[in-house]
Amino acid sequence: MNDSVECLTSQPLSLLDEFILMLLNEESGYFYQIPAQKMNCSVIGAALAELSLLSRIDTDMESLHILDPTETGNPGLDLILKEIVDEPAQYNAQYWIEKLIHHAESIIDLTVENLANLEILEHHEGDFWTVAPSKLYATANGDSDNETPGQFIRTRIGKDIFSDDIPYPRDIIIICLIETCDIFRFIFKLDKKAEERIKLICKMDLIGRSIADAVEQNIKNPLFGSSHLSKKIPRAPLHRVLLNPHVRTGNIPALLAELAKQYGPVFEVGRPFSKPDIFLAGPEVNRWVRRHGRKYLTSKSYFSEFEKVYGAVGALPSLDGADHFRYRKAMASTYSRGRLEEQLDMVYRKAREYMANWKVGESYSGKDLCREMINVQMSPLFISVDSRDIMEDIITFKERALSTHLINILPKFMLKTPGIKRKSKAVDTLIERVQSVHTSAQRAGCPLNLVDDLLSLHANDPLLLPESNLRFLLSATVLAGMYLADSFSFALYAMASQPALYDKIRSEADLLFSNGDPVGEDFTPANTEITDRFINECLRMYPIVPVSMRDVVNTFTVEDYEVPRGSRVNIAQTAPHYMEEIFPDPFSFDIDRYLPPRNEHKSPGYAPYGLGPHTCLGVRWMALHMAVNLMIVAHYFTLRVYPEDYELRISPFPSMKPSKKLKFHIAEQKRELPI
């Protein structure tokens, strides 16, 4: 066996581990889309079965009782065992599944975490999971098949189904539970003989049969699926919303946090001549969206009109399910921290070239300074051309398209004014420039960039990435730079307005640059500890995209509120950033929030990059790029907010950014810029 391949021999998988692995659909990067009630009942059933195999409990059709109260060492199983031990009366498995179902999500999380710690599962940005390709599963006698754990389990179960061999008891239980979930037809190609074989296997073991029957009875319980107890969604009158002081400052997360405090985690905001907007806000809502949102929410329908402006259909933001996951996997390296680390020398060079034009004593527009500084770095990195001269036209056109076709705050004819039509031509100019330099001869020997990756994906999977989408995707790079730049402008404001923190960031930067330009591996948590916490706090207080819109394709209940199919919801994922119970004193800029034991950013309420499948793909790139730019500015210059008494105002639409009145004054140049 290859020395680089590891085997699982030291810690065998539990029945619960194997059950979860059987439920994982690697094509979509998540579990098969099983109704939550079925999933939760089955997980509790798997936990009870594992406790039975470990001789902690015994169960049959009539009763379930304790054999041995000793802990197993498995946190999820011990959570279940303790409740059973603490109950003086004796009940059957159906009772316990009903009673313990509220633990199901915790057990799933603990099981997935355990599989990740064993390096069996790999986590991908956006809460996707796959089986780690480097892991092989060792059989009980020490032999290893050349398969991942998930493949091994499926092969084993497949042999049970498609042969006449008598399965092991644990396999019978897994087959019983998977059959209850009704997903065998997605895992295997079944004929009538195989279906009959599954039914026969499910009768072979008393434990498996009793637990599967108990799961089935709970699934059929009408009380679990009923919605008549759901709460009525309260409505916030529009005039009260508009009178809120956070509207004047443009602080959308703070506004939505206050509305959630007053009206609850699910509320409506009335609109004249239109349906009210539904908002979801709160840490538990965030947790629900991460875990379950992909079953109920889609971005396809509302994003399609925006795509059409560019002639695109099915670009990444509008994809869901397996296609979305495939797309993200294919483009993950493009937006990775590693790709940026490989080209930091270009980032330093471009940043210094731009800063060489700064004059001590002068003041510059905050928006223009930050957007231009980031653009001169990102355009060469992503598309190998200079787009600084057409950047604002591309951004203006795209923001107008977002405002008219996505967030609908402007009538659609506003995208067709003569001025906007002129600006739209900048997109064609950009495409012409990209095409002129992306020939085989000119790209030979060059580091891979976004265009190379897009063209490769198009060549390999032209239906996933059709040629018609390239215009949208290439111009989107300028918008991605705008988002980073606007985040950078908030961070630069926070640094320039707080001299004590400025000095601390400068100290880290000076150490990092003391022996020349740092390479990627120099940006360790220890070397950038202050800067990283500072950036975390900037992202908390000033998230660029505070709300995500989704269409509801399946009716769901969250926090006891039912949201019907056909609704459009606004997920206020950053509203918890201003909730006192999550971030005490939320209007204070406090970088110590991110130190243990506080670790406030580890709450589900911290979501500056979005939630679930559509979490920003470039999270790690953005964090490093922001740190590099803050530190290089602090290393060479002292900036101050101008005028000194400037009070931050935010322009919230279509994304959050400082108002045009923000300026930065070049107060001091600390050292000469290398030529």
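Keep in mind the model is a prediction, meaning the values are calculated, not measured.
No donor-acceptor pair closer than 3.5 Å links the side chain of S588 to the backbone N or O of D590. Within the 3.5 Å criterion, the main-chain N or O of T298 finds no donor-acceptor partner in the side chain of H614. No side-chain donor-acceptor contact under 3.5 Å links R290 to the backbone of L611. One N or O on the side chain of E307 and one on the backbone of G314 form a donor-acceptor pair closer than 3.5 Å. Judged by distance alone, with hydrogens and angles left aside, the side-chain atoms of N599 form no donor-acceptor pair with the main-chain N or O of K602 at under 3.5 Å. For T528 (side chain) and T531 (main-chain N/O), no donor-acceptor pair under 3.5 Å exists by modelled atom type. A donor-acceptor pair is defined here as one N or O able to donate and one able to accept, closer than 3.5 Å; no such pair exists between the side chain of S274 and the backbone of R271.
Side-chain contact annotation: D453 with T334, donor-acceptor N/O pair under 3.5 Å present. Side-chain contact check for E105 and H292: at least one donor-acceptor pair (N or O, by modelled atom type) lies under 3.5 Å. For the residue pair Y594/E537, the side-chain donor-acceptor check at 3.5 Å is satisfied. Side-chain N/O atoms of T555 and E562 include no donor and acceptor closer than 3.5 Å. With no hydrogens or angles considered, no side-chain donor-acceptor pair links H458 and N469 at under 3.5 Å. Judged purely by distance below 3.5 Å, without hydrogens or angles, the side chains of Q33 and N25 never pair a donor atom with an acceptor atom. Using modelled atom types and a 3.5 Å distance limit, the side chains of T130 and H124 yield a donor-acceptor pair.
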Should D486 and K367 be marked as a salt bridge (charged side-chain N to carboxylate O under 4.0 Å, His left out) after you check the CA-CA gap, both sets of side-chain angles, and the distance that decides it? CA-CA 7 Å; D486 290 345; K367 184 194 79 169; over 6 Å; no
Salt bridge (charged side-chain N to carboxylate O under 4.0 Å, His left out) between D323 and R328: does it pass, once the steps are laid out? CA-CA 9 Å; D323 282 344; R328 287 178 70 100; over 6 Å; no
Does the pair L464 and Y327 meet the rule for a side-chain contact (heavy atoms from CB on, under 4.5 Å), with working shown? CA-CA 7 Å; L464 183 64; Y327 205 132; 4.2 Å; yes
Would you sort out whether V241 and L259 count as a side-chain contact (heavy atoms from CB on, under 4.5 Å), showing the intermediate values? CA-CA 8 Å; V241 174; L259 291 174; 4.1 Å; yes
The test is salt bridge (charged side-chain N to carboxylate O under 4.0 Å, His left out); show your working for E284 and R287 and say whether it passes. CA-CA 5 Å; E284 290 309 311; R287 191 193 304 273; 3.2 Å; yes
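At least one side-chain heavy atom of V112 sits under 4.5 Å from a side-chain heavy atom of W129. Here the side chains of E559 and K231 are not in contact, with every heavy-atom distance at 4.5 Å or above. Side-chain contact between F523 and M631: present, with at least one pair of heavy atoms (C-beta onward) separated by less than 4.5 Å. Looking only at side-chain heavy atoms (C-beta outward), D127 and R294 come within less than 4.5 Å of each other. Within the 4.5 Å cutoff, side-chain heavy atoms of S475 are placed close to those of Y310. A heavy-atom distance below 4.5 Å is not found between the side chains of I107 and L77. No side-chain heavy atom of L319 sits under 4.5 Å from any side-chain heavy atom of K300. No side-chain heavy atom of P658 sits less than 4.5 Å from a side-chain heavy atom of R649.
Taking every heavy atom of both residues into account, P576 and G282 meet most closely at CG-C, 3.6 Å. Heavy atoms only, all atoms of each residue included: A281 and A260 are closest at CB-CB, 3.9 Å. For the residue pair P652 and I650, the shortest heavy atom distance occurs at CD-O, 3.3 Å. Of all the heavy atoms in C538 and A491, the pair that sits closest is SG-CA, 3.6 Å. P586 approaches M541 most closely through the heavy-atom pair O-CE, 4.1 Å. Shown here for L492 and L630, the closest heavy-atom pair between the two residues is CD1-CD2, 4.1 Å.
Geometrically, R593 does not engage F583 in a cation-pi contact, judged by NZ or CZ lying under 6.0 Å from the ring centre and within 45° of the ring axis. Both the sub-6.0 Å distance and the 45° axial angle are not jointly satisfied by K329 relative to the ring of F128.
For K38, the NZ atom is densely surrounded, since the number of other residues' heavy atoms within 6.0 Å is greater than 12. At most 12 non-hydrogen atoms from other residues, nucleotides or ligands lie less than 6.0 angstrom from CD of E27.
Ring geometry, Y335 versus F382: the interplanar angle falls from 30° to 60°, so the pair is classed tilted. The aromatic rings of F472 and F303 sit perpendicular, their planes meeting at an angle over 60°, well past the 30° parallel limit.
Judged as a ring-ring contact (aromatic ring centres under 6.0 Å, His included), the pairs with a partner in residues 534-564 (not counting sequence neighbours) are, in order, W288-F556, Y296-F556, F490-Y542, F534-F589.
Here CG of L110 is found 8.0 Å from CG of N74. Values are rounded to the nearest 0.5 Å. Atom OG of S299 sits about 8.5 Å away from atom CG of L316, to the nearest 0.5 Å. Taking CG of L177 as the start and CZ of F19 as the end, the distance is 5.0 Å to the nearest 0.5 Å. A distance of 7.5 Å separates CZ of R339 from CH2 of W621, quoted to the nearest 0.5 Å. Atom CG of L484 is separated from atom CE of M626 by 6.0 Å, given to the nearest 0.5 angstrom. Atom CE in M549 sits 8.5 Å away from atom CG in D551 (nearest 0.5 Å).
For the side-chain contact (heavy atoms from CB on, under 4.5 Å) with S567, the qualifying choice from D277, V552, I233 is V552, the only one to do so. Of the options L280, D320, N554, I571, a side-chain contact (heavy atoms from CB on, under 4.5 Å) to L297 is made by I571 and by none of the others. Screening V547, L479, I544 for a side-chain contact (heavy atoms from CB on, under 4.5 Å) with S655, the sole residue that qualifies is I544. Across K275, R235, R568, a single residue satisfies salt bridge (Lys or Arg N to Asp or Glu O under 4.0 Å) together with E268, and that is R235.
Scanning for side chain to side chain contact (heavy atoms under 4.5 Å, CB included) contacts around L238 gives L242, V269, P272, with sequence neighbours left out. For H103, there are no ring-ring contact (aromatic ring centres under 6.0 Å, His included) partners two or more places apart in sequence or in a different chain.
One finds a salt bridge joining E305 and K308 here, because a Lys/Arg side-chain nitrogen approaches an Asp/Glu carboxylate oxygen to under 4.0 Å. Classification of E399 and K657 as a salt-bridged pair holds, one side-chain N sitting under 4.0 Å from a carboxylate O.
Less than 6.0 angstrom separates the ring centroid of F587 from the ring centroid of H246. Residues Y493 and F488 keep their aromatic ring centres 6.0 Å or farther apart.
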